[in-house]
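So you know, we letter chains A, B, ... as the sequences are listed, proteins then strands, and number each from 1.
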Amino acid sequence: MVSKTLNAPNGYKVRISLKTALGEDAYEWNQSEMFFFQATMAFAMRRHFQMETYNVDNIILCVQTSRVSFWFVVTSPDNTTMLIPKADVEKAVRMSRHRINNAFLLSDRTLEFLGIYPTLAAPVNPDTPPWLIVFGVVIGAVCVGIIALLISSLLQKRRKEKGMTEDGQDEEDMQVKGVENGINLDGTYNRGFTDDDRFTKL
Amino acid sequence: MRCLQVSNQDLEERIPSYEELEKLENEEAGDRPKWDNKAQYMLTIVGFCVGLGNVWRFPYLCQSHGGGAFMIPFLILLVLEGVPLLHLEFAIGQRLRKGSVGVWSAIHPYLTGIGIGSMCVSFLVSLYYNTIMAWVMWYFFNSFQETLPWSQCPVNANMTGLVSECERSSPVDYYWYRETLNTTPDIDNTGGLQWWMVLCHVSAWALLFICISRGIETTGKAVYITSTLPYAVLTIFLIRGLTLKGSLNGVKFLFTPDMNELMNPTTWLDAGAQVFYSFSLAFGGLLSFSSYNSVHNNCEQDAVIISIVNGATAVYAATVIYTIIGFRATEKFDDCISGNILTLLNTFDLPEGNVTENNYDQVLHSLNGTYPEVIQGLNLKTCDLNSFLSEGVEGTGLAFIVFTEAITKMPVSPVWSVLFFIMLFCLGLSSMFGNIEGVLVPLQDLGVFPKSWPKEAIAGTTCVLCCLVGLIFVQGSGNYWLSLFDSYGGSIPLLIIAFCEMVGVVYLYGIDRFNDDIEFMIGHKPNLFWQITWRFVSPAIMFVIFVFYFITKVQETPMYKAWNPESENFPTLEEKEYPSWIFAIIFILAGIPGLSVPLTAIYKCLRNRCCKKDNEFKQDDLNTIAKVYGDTTQLLR
């Protein structure tokens, strides 16, 4: 049977999804639970209006289905024929929503008041976005790396230059000491026979 | 085949002879850098070849072209096209011991254009590839939070609901298109530079600079991590993936063969193109890396090993990706069905548990029979597992939308997110080493930088330049520019260059000389398989792929997909035509590298002609002087 929409301008439809919320631990929804709901709603009304006259009888339930869903209206404690306006009921529910949910071990999604939307949690805004911290760490490591690189290449260069100036004087002697035809000539080389001016010949 | 060879005078004067090579080898003379050990070389090549394409292009091709059946064209073309081209590049680099410009100008001065073309392509690809690295780094930085920022929609300004753009699409889409890219509705709006992306962009280039600052001295150390880490992470993901519900659905979907796809020529074309791009051929990087090898390194064995590793990695990565995709698709399917079930329960006030996944269809059918108008009015979503499995599983969409969504559904999401993005970063960085090598070495060969500059300065200047030019891609419209560069800069020119490479080596350098070179280097002549593939089969395949690609690209009107919150089908990307000025850009991207081959040849030819007369004059003078000198020295000995 398709669910009816009652012509109840001051009533709210409640929908409870026990199995979705609690799975295996779901309790059975029976008349005692309905009584508990009436009591909770009365508590919410008392809390909002700060009048301790609201009672279980002021919460009237109807159209209970096996879904579990039902409609309820709230009557005024002074005059049971007068219904509390929808807006006031909404305010009362919003104020005590957290308490109502916890009473039934449910959440905003599983204990629905159709027409009253849950307020969204305020977003948590940290002072520094976390990604900037990680970025800072990485970029710091990269900068250290670059500096280490530049320093090590400078040191290498200096070492090479030092080595060159020391070896420079030996090199000329090496050229003339012979490795002639693969035979290492020992003994003193007579510089009179060196081919020093082969580059200056015509 | 001597009749088909073009005469190539003075080749011996431009290339080192066998004696010179032996001397270099034995005395370890020469100032060319060398690999510390074979492992470094292999890891670098593997890292260059195994890149983001193995993770996000191959799985998509595999799944869309008949799953397991796609392996057949892929393997056949791997053997006929990939391996021969790879062997050719390794061998010629090892033999001539120069970077790409050096090698081709040594083979024949008119072929210098091939080297220049390779350099241009490597440059264009480096530009946009590192932007993808910047995106990966952005996601990596943002993974260090308990609730990942892309797991939920942000609340709007007056706290009444979620941001509309996010609500209409999905948190992951919103995070990618709005909070990461801040993308504009079309390519004409630049949208300005996105400061957070600029920071990531700069850090990506800075990290790359550290790794390449001294050439293979530094990259050789870096590849120990960047080439091995992806395999470790893939294995971790495989184990995690297989324990998730629905992962086997994904693997089945990937590998279920559909033999009819083999009749479709697009399957073979895509397989050929994937093999080609996957091996990073014609970039010049492979040539360069091989030139640092010892002369007698067994390049034939290397080519075969690398091909096997590349192919196996592609298949392995595809399996891992699809276990996670299967998990995500199953979750989405379950959510979809649960949503529909809840709607039915609420509308008909049925007790919970009455309608389950098993009897859903039955119940829906019976309810449709009794209350058809009500059911129509409900707008129940169609839940199809296969459509979830085929959603957005290619390219950046796979990594930044689909996979990130899957990660949010896994327990301990930040850990998986960090691992995944480290893996992507390593895959991309190791490919960037090859790309940059293909830019730096030709620049040095061409003498663009003064010889007195140290390696670090050259690398630094190139990185700074690329970083500045790459700022195009961190604007609001950057994503569209990137796809443009990817489609036109990284596709057609490579095919032209690879074809010219093969023809140049086989017919200009001489296949007989090449065979002798290989015999000198590895000890035996290349067998019949190599002869046939080098001379006919591989060039023919390249030519066919090129022609088909060219015709397809030229025929279709270039379109791009835009994220436009105001479009009608909103979460679906809007197909838009490129504005007319883009054609100039396309010409620059595809034309300049491709045309550099003939243009340089013509330039060199003209310069040779007009300077030939002066050259002849000088040559005669030298001959006379040499004769006189020769006579004099004879007397003095």
In terms of heavy-atom contacts, A:S66 and B:D349 come closest through OG-O, 3.7 Å
dist B:I210:CD1 -> A:L149:CG (nearest 0.5 Å) comes out at 7.0 Å
Would one find more than 12 heavy atoms of other residues, nucleotides or ligands at under 6.0 Å from atom OH of B:Y224? yes
Value for CG (B:L342) from CZ (A:R15), rounded to nearest 0.5 Å, stands at 7.0 Å
For a 4.5 angstrom cut-off between non-hydrogen side-chain atoms, does A:S152 reach B:R214? yes
Considering only heavy atoms, which portion of B:W138 lies under 4.5 Å from any heavy atom of chain A: side chain, backbone, both, or neither? side chain
Testing the basics here: between A:V142 and B:L207, what is the closest heavy-atom pair and its distance to 0.1 Å? CG2-CG, 3.7 Å
Does B:I225 have more than 12 heavy atoms from other residues, nucleotides or ligands lying within 6.0 Å of its CD1? no
Answer yes or no: is there a donor N or O on one side and an acceptor on the other, between the side chain of B:E456 and the main chain of A:S153, under 3.5 Å? no
Should A:R67 and B:L350 be marked as a side-chain contact (heavy atoms from CB on, under 4.5 Å) after you check the CA-CA gap, both sets of side-chain angles, and the distance that decides it? CA-CA 5 Å; A:R67 165 62 184 80; B:L350 303 165; 5.8 Å; no
Which region of A:S17, side chain (C-beta onward) or backbone (N, CA, C, O), has a non-hydrogen atom less than 4.5 Å from a non-hydrogen atom of chain B, or is it both or neither? both
Which of parallel (below 30°), tilted (30 to 60°) and perpendicular (above 60°) describes A:W131 and B:F141? parallel
Count the heavy atoms belonging to other residues, nucleotides or ligands that lie under 6.0 Å from NZ of A:K157, then report whether that count exceeds 12. no
Should A:V68 and B:E352 count as side-chain neighbours, where that means a heavy-atom distance under 4.5 Å? no
What part of B:L367 gets within 4.5 angstrom of chain A, counting heavy atoms only: side chain, backbone, both, or neither? neither
Look up atom CG in B:N346 and atom CG in A:L114, then write down how far apart they are to the nearest 0.5 Å. 8.0 Å
B:C200 to A:F135 - nearest heavy-atom pair and separation: N-CE1, 4.5 Å
The interface call for A:I133 against chain B, heavy-atom contacts under 4.5 Å, is neither
